[in-house]
Amino acid sequence: MPSPQIDIHHVAKLARLALTEEEAAHYQQQLTRILGHIDQLSSYTLDAEPSAHAMPIFDVIRPDQDRPGFEQNEALSNAPRRAMDQFQIPKVIE
Amino acid sequence: MPKYILTIGLEVHAQLTTRSKMFCGCPVEFGAEPNTLTCPTCLGLPGALPVLNEGAIEKTILTGMMLGCTTPPVVKWDRKNYFYPDMPKNYQITQFDLPLCLGGGVPLYDLAYPKDAQKTIANPGKVVKLTRIHLEEDVAKSTHHDKFTTIDFNRAGTPLMEIVSDPDIDSAEEAVAYLNSLRQILIYGGVSDADMEKGQMRADVNISVRPEGQKELGVKIELKNINSMSAIRRAIKAETERQIDVLEGRNPEKLVQSTRRWDDDAGVTTKMRDKEDSHDYRYFPDPDLIPLRTESLVTRIRPLVPELPHEKRARFESDYGCSAYDADVLASEKELAAYYEAAVAVNTQVPAKKLANWVINDLLGLLKDTEGGINACPVKPEALSELVAVVEAGKISNNQAKEVFAEMFANGGSASNIIKAKGFEQVSDTGALEAIVDQIIASNPEKVAEVKGGNEKAMNWFTGQAMKASQGKANPKIVTEIVRKKVLG
């Protein structure tokens, strides 16, 4: 199996991380080792159902009932800026 | 010039009618003051944990059942990672590989097509195949101002059902029919109010064009920002033309997989971004949420599946003798169908088909300009049934009945009271009518001779005279009978 390569710059961009070249090289090495580990796991044939969670727990749900949450002021208390009772942020152009 | 094949797939987001949000107990409300329906979970504060809303899950499974989907035995929720200010956690909780519903289809109803396209339906009775339905959280609402953007988190975390179709739609008209039919079904099931103008139902359109003869689909381009049924049709037409222009070299752009925005005022689509590959979202199972086994939910919800519009339509045709068109109109709205059935049930002697005519031709016409629709209708089913019974018995004429109906609609009241008040009660007393007819015969021997000579029109003259003599109160059916009997002897 060819050793997997990770595109560290692409991953850093997706995660909004500004890495120096040294950091990039460092993480590249570490993450490549992790991928190698996953490849090693994939090489085993396991007689088990794929699981969706680390623990065998299911069905934690709540009835559809509403309850009051934050007051408006409380909700906005961490906002760096406010305008019109809303969180104000730099203009977003989509 | 080669012909082109248009292929469309739709992703429809529908807001569910739940009391609380998807992962927290904040109320779901439309039009509340900004940022008054939030808590640590839907604001994405550190340490807050999500818990699944049972009501939202039930409504999604019910939707799947109405559309013939299957529900996998175990479902789970995943994180879709991307950065946008309307999503405070920097990931959206959604379902990746184990959604609540798989497969299924949406039947396209004739009246769901745009009005001008109903006469030329290319594939009558078509069922558009579905890929899946999954349940996720909605994002916050951003408002873009001149110099900045503001965010209201009231909508953040409200339950949102995404219904994904196969690329199985062949025209803009079919896309409209798909949305209208789907909307009817969602409303029938009480799962969503599905009003596009209020943003309760939103559609993204995947659209590709390929020359006839080419097997593989053309480049897929996604259209966003479409807010109404009529805009969907315009957007698809404009984007189809643009893609054909590119394929034929009239437009120097290239077709690349991308997302475009529809500008309804300008009537053009403009590029928003190249489509990120699916793996760029780095989906992974949300460790804060526990997988769900669906078997007991499925057993519990199965009996809640309502009679669907097309089933109701078929029953109206077979049980009530409605025409296909009438049945389609009556079944298009759950409340209207209920009103009609209530009127039919009042008195089984009243022909159901006649009631259908009154509802469609008279009631719907007046309701068009009334707030609140059929639920606020001032004419109760009992009153309509009574009126139609009176007309059918020949006690008042059709024109008089319309007048009575208009009065009932304007001021309420029962048919019999209004008929009395207006003096519309017809004289059906044969003795009184015979006397009138005898009188006319005696004083018009020349007309009697005409009738005997074979002039049918002269017969109508007698009926007219008798009606006049009774000041319009005579029952025309009975008068005609008496005239025929007496004159022809």
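Proteins come first, then strands; the chains are lettered A, B, ... in the order of their sequence lines, and each starts at number 1. Model, not experiment: these values are computed from the prediction.
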Any carboxylate oxygen within less than 4.0 angstrom of a Lys/Arg side-chain nitrogen, looking at B/Arg19 and A/Asp64? no
Backbone N or O of [Y] within a donor-acceptor pair of the [X] side chain at under 3.5 Å?
| X | Y | value |
| --- | --- | --- |
| B/Thr150 | A/Ala83 | no |
| A/Arg62 | B/Cys24 | yes |
| A/Lys91 | B/His145 | yes |

Pairwise side-chain contact, [X] with [Y], heavy-atom cut-off 4.5 Å (strictly under):
| X | Y | answer |
| --- | --- | --- |
| B/Asn35 | A/Asp85 | no |
| A/Phe70 | B/Pro40 | yes |
| A/His53 | B/Pro285 | no |

For this session: Determine the option with the most heavy-atom pairs under 4.5 angstrom with chain B, choosing from A/Pro63, A/Ala75, A/Ala52.
Result: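 With the most close heavy-atom pairs to chain B, the winner is A/Ala52.
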Taking A/Ile61, A/Val11, A/Asn73, A/Asn78 one by one, which has the highest count of heavy-atom pairs under 4.5 Å against chain B?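 Among the listed options, the one with the most contacts to chain B is A/Ile61.
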Apply side chain to side chain contact (heavy atoms under 4.5 Å, CB included) to B/Asp152 and A/Phe87, showing your working.
-> CA-CA 7 Å; B/Asp152 169 10; A/Phe87 291 79; over 6 Å; no
Is there a side chain to side chain contact (heavy atoms under 4.5 Å, CB included) between B/Lys141 and A/Gln86 once you walk through the steps?
CA-CA 10 Å; B/Lys141 186 176 188 312; A/Gln86 300 187 44; over 6 Å; no
Okay, A/Gln65 and chain B: the region with an atom under 4.5 Å from a heavy atom over there is backbone
Exercise for review: With a 4.5 angstrom heavy-atom cut-off, could you sort out which part of A/Ile57 is near chain B: side chain, backbone, both or neither?
Suggested key: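 Answer is both: backbone and side chain atoms of A/Ile57 are under 4.5 Å from chain B.
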